[in-house]
There are 2 protein chains.
Amino acid sequence: MAKTNFKSRVERRSRLLGMLRSEQHWTTSDLRAHLQVSQRTLMRELASLKDEGYPIESDRGRGGGVRLAGRWGIERLMLSHKEVIELLLALAIVESLNFPFMTSNLQVIKQKLYQAFPENQRSKVSRIRKRIFVSKHFRSAAAYQPSDAHIDISQAICESFLEQRCLNIDYISEDKRCSSRTIEPHYLMLAWPVWYIVAWDHLRNAPRIFRIDRIKNTKKVASKSFKLRPELIADDPYEHHFSSI
Amino acid sequence: MAKTNFKSRVERRSRLLGMLRSEQHWTTSDLRAHLQVSQRTLMRELASLKDEGYPIESDRGRGGGVRLAGRWGIERLMLSHKEVIELLLALAIVESLNFPFMTSNLQVIKQKLYQAFPENQRSKVSRIRKRIFVSKHFRSAAAYQPSDAHIDISQAICESFLEQRCLNIDYISEDKRCSSRTIEPHYLMLAWPVWYIVAWDHLRNAPRIFRIDRIKNTKKVASKSFKLRPELIADDPYEHHFSSI
DNA sequence: TAATATATGCCACTTAATGACACATTAAAT
DNA sequence: ATTTAATGTGTCATTAAGTGGCATATATTA
């Protein structure tokens, strides 16, 4: 009779899920008795849960019942600091791609991940989405060798990119000459299928673009952090870069 | 105005929390505009959240606003079924992009996420990475309108894609004619900045490509699932599609 | 065939949620 | 001091979402 308000319905639903998750045998009569609702309402609630993706299965007839198939959802996922960072980077990339399924669910996850950071760092973290670009140009696929051998290099780049720290790299240029530089990794750019880093190059004291797969070695520059230079992308250096090739 | 049902209210609340957690400056006017509710209702929602223990703080007067004083540190991340699915999809996309930072960390996360699924479904889930493609062609950006208004549509597509279920859609073709079809969403394809679905079209009984932003309405076909047809991509239909334009 | 389940359609009733409007309160800018 | 821009609160009419009840369909087992 009494109309349920939002809060109590959230509670009711959570209790229902709790009962279903405990791997007991439940009939709708049992459930409705525990939840103090009519059978009709219970069926509606179950339908609504199914509709939202919960794998609720039921058996009709004598000995039948309702149950939740398998272990669904994740109760508690422990994520290390690095894992959180990389996950956020991954989400930022998906977002940069105009991904049409960047739904509220993923937004919520992003928000949950933000909580891993202290207040003063969050602005930096939430800015990464704007530091990723997809170029209209694409590169011939043949030349690109995504390096799975260089996990440690990848991690170093990833970290210095996110934490805005300078990085020492050994780089092999297009004409195969090797050089050692200190760079500030400002922006990340995809010109499919090649990934680039738009950086400030301390060696030349100018903006430069580095193919990630041409970076052969990395060394962190301990505590030297840098501030973003929006002019690096305001100048559209990469478009110029590509059209000049 | 239209009354909100339980589902949309859950959704609304989640969006509100998401907005608050992002470290931006929010006034109630901003929030109510984004959420499409009256100021009064928004205040009620905020009060309700405070009541449930959310540390919502607010400043009155000029320059004031509302914010969530977050507690940071991730010990246990709770993910719903849908969140797990969409996160996996996001990771699969990043992986498809040759993302050089798809390091062991992200792989580990993927493994953890798999565990949310019962054994018999894991193969299906792990297959999604192979159902995503990036085309060499890119589209003129002007025409593409990533729809943030169609959250429910996105979710429907996303779900039917992952669970390999048929989907009813209303589609607006290039010559602006609207048609209603039942499709099997087999593959997801990015021809930057446009996302497509490579599907089997029940109407024509042939493979077809659908621009996701041209899908205007969706309806689940309850229990009708489909099996993958590798020939859809073996024939390279999208390359042909683009070169024919 | 009977018994026991889930599942669904329909209808009337209640009331929680909403928006509108007015107004109080606080704080900063001028 | 006054204005302005923000958060809060009170009240009231409206309305559609949620509910229960009942009938009935459907599936499964003893």
Side-chain angles (χ1 to χ4, degrees), chain A residues 1-17 19-20 23-69, chain B residues 1-17 19-21 23-69 152 219-224:
Chain A
M1 296 290 264
K3 233 50 196 130
T4 53
N5 62 17
F6 184 70
K7 190 176 174 183
S8 60
R9 177 140 184 217
V10 169
E11 224 172 86
R12 188 179 77 190
R13 176 173 275 204
S14 131
R15 274 198 292 155
L16 174 55
L17 280 173
M19 282 190 264
L20 289 177
E23 310 225 336
Q24 298 174 43
H25 181 81
W26 294 104
T27 66
T28 50
S29 314
D30 295 338
L31 294 171
R32 62 151 288 282
H34 275 83
L35 296 176
Q36 298 275 21
V37 292
S38 70
Q39 190 254 2
R40 191 68 190 83
T41 298
L42 175 66
M43 293 308 294
R44 272 193 277 247
E45 189 76 72
L46 287 173
S48 149
L49 285 173
K50 278 182 205 169
D51 189 51
E52 284 174 39
Y54 285 88
I56 291 172
E57 295 178 356
S58 43
D59 299 309
R60 292 179 160 193
R62 212 176 257 246
V66 190
R67 66 180 181 282
L68 200 54
Chain B
M1 298 293 253
K3 289 272 181 295
T4 53
N5 60 18
F6 183 70
K7 189 177 174 184
S8 60
R9 177 139 183 218
V10 169
E11 157 89 21
R12 189 180 75 191
R13 175 173 279 205
S14 132
R15 275 199 291 158
L16 173 56
L17 281 173
M19 282 190 262
L20 289 178
R21 271 197 257 259
E23 290 273 317
Q24 299 175 43
H25 182 82
W26 294 105
T27 67
T28 50
S29 314
D30 295 337
L31 293 172
R32 63 151 289 284
H34 275 83
L35 296 177
Q36 298 276 18
V37 294
S38 69
Q39 188 256 1
R40 192 68 188 83
T41 299
L42 175 68
M43 293 309 294
R44 274 193 276 246
E45 190 76 69
L46 287 173
S48 150
L49 285 173
K50 279 183 204 167
D51 189 51
E52 286 173 36
Y54 284 88
I56 290 174
E57 296 176 357
S58 44
D59 300 309
R60 290 180 160 195
R62 212 178 254 248
V66 190
R67 66 182 178 282
L68 192 58
D152 42 347
K219 205 169 64 182
K220 249 190 266 188
V221 179
S223 53
K224 207 168 173 187

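Residue numbering restarts at 1 for every chain, and letters A, B, ... go by the order of the sequence lines.
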### Query
Quick one: is dT6(C) close enough that its OP1 or OP2 comes under 4.0 Å of any side-chain N or O from Lys50(A)?
no
### Task
Whole angstrom is fine here: how far is it from CZ in Arg9(B) over to P in dT15(D)?
20 Å
### Query
Val37(B) versus Arg44(B): any side-chain heavy-atom pair under 4.5 Å?
no
### Task
Kindly indicate whether the side chain of Ser14(A), heavy atoms from C-beta on, has any atom under 4.5 Å from the side chain of Leu17(A).
no
### Query
Could you state the interatomic distance from CD (Glu45(A)) to CZ (Arg40(A)), rounded to the nearest 0.5 Å?
12.0 Å
### Message
Can you give me the bend angle of the helix from dT1(C)-dA30(D) to dT30(C)-dA1(D)? Use the axis through the first five pairs and the one through the last five, nearest 10 degrees.
### Response
40°
### Query
Quick one: on DNA chain C, does Asn5(A) or Thr28(A) contact a more 5' nucleotide (nearest heavy atom)?
Thr28(A)
### Message
With a cut-off of less than 4.0 Å, is there a side-chain N or O of Arg12(A) near OP1 or OP2 of dT19(D)?
### Response
yes
### Query
In whole angstrom, what separates His25(B)'s NE2 from dA28(C)'s C1'?
12 Å
#### Entry: Nearest-angstrom distance from the residue atom CD of Gln36(A) to C1' of dG20(D)
14 Å
#### Entry: Distance in angstrom units between Ile56(A) CD1 and dT6(C) P, rounded
13 Å
### Query
Whole Å only: how far is the CG atom of Leu46(B) from the P atom of dT7(D)?
9 Å
### Query
Among side-chain atoms of Asn5(A) and Ser8(A), is any donor-acceptor pair under 3.5 angstrom?
yes
### For His25(A) against Gly63(A), the heavy-atom pair lying closest together
CE1-O, 3.4 Å
### Message
Please tell me if Thr41(A) has a side-chain N or O lying less than 4.0 Å from either OP1 or OP2 of dT19(D).
### Response
no
### Message
How many whole angstroms separate atom NZ of Lys7(A) from atom P of dA17(D)?
### Response
24 Å
#### Entry: Spacing of Leu31(A) atom CG and Met19(A) atom CE [to the nearest 0.5 Å]
5.5 Å
#### Entry: Distance, nearest 0.5 Å, that separates CG of Leu42(A) from CG of Asp30(A)
10.5 Å
### Query
Rounded to whole angstrom units, what separation is found between the CE atom of Met43(B) and the P atom of dG8(D)?
4 Å
### Given dA6(D), dG8(D), dT18(C), the nucleotide with the shortest approach to the side chain of Ser58(B)
dG8(D)
### Summary
Glu57(A) CD to dA7(C) P, in whole Å, measures 11 Å
#### Entry: Residue list, salt bridge (charged side-chain N to carboxylate O under 4.0 Å, His left out) with Arg32(A), at least two apart or on another chain
none
List, with names and distances, any nitrogen or oxygen atoms from the protein found under 3.5 Å away from nitrogen or oxygen atoms belonging to nucleotides 21-25 of chain C.
| from | atom 1 | to | atom 2 | distance (Å) |
| --- | --- | --- | --- | --- |
| dT25(C) | O3' | Arg60(B) | NH1 | 3.4 |
| dT25(C) | O2 | Arg60(B) | NH1 | 3.2 |

#### Entry: Distance (rounded to the nearest 0.5 Å) between Asp59(A) CG and Thr27(A) OG1
12.0 Å
### Summary
When Arg44(A) and Gly65(B) are each assigned the nearest nucleotide of DNA chain D, the 5'-most assignment goes to Gly65(B)
#### Entry: First of Ser29(B) and Arg62(B) reached from the 5' end of DNA chain D, by closest nucleotide
Arg62(B)
### Message
Which label fits His34(B) and Trp26(B): parallel for a plane angle under 30°, tilted from 30 to 60°, or perpendicular past 60°?
### Response
perpendicular
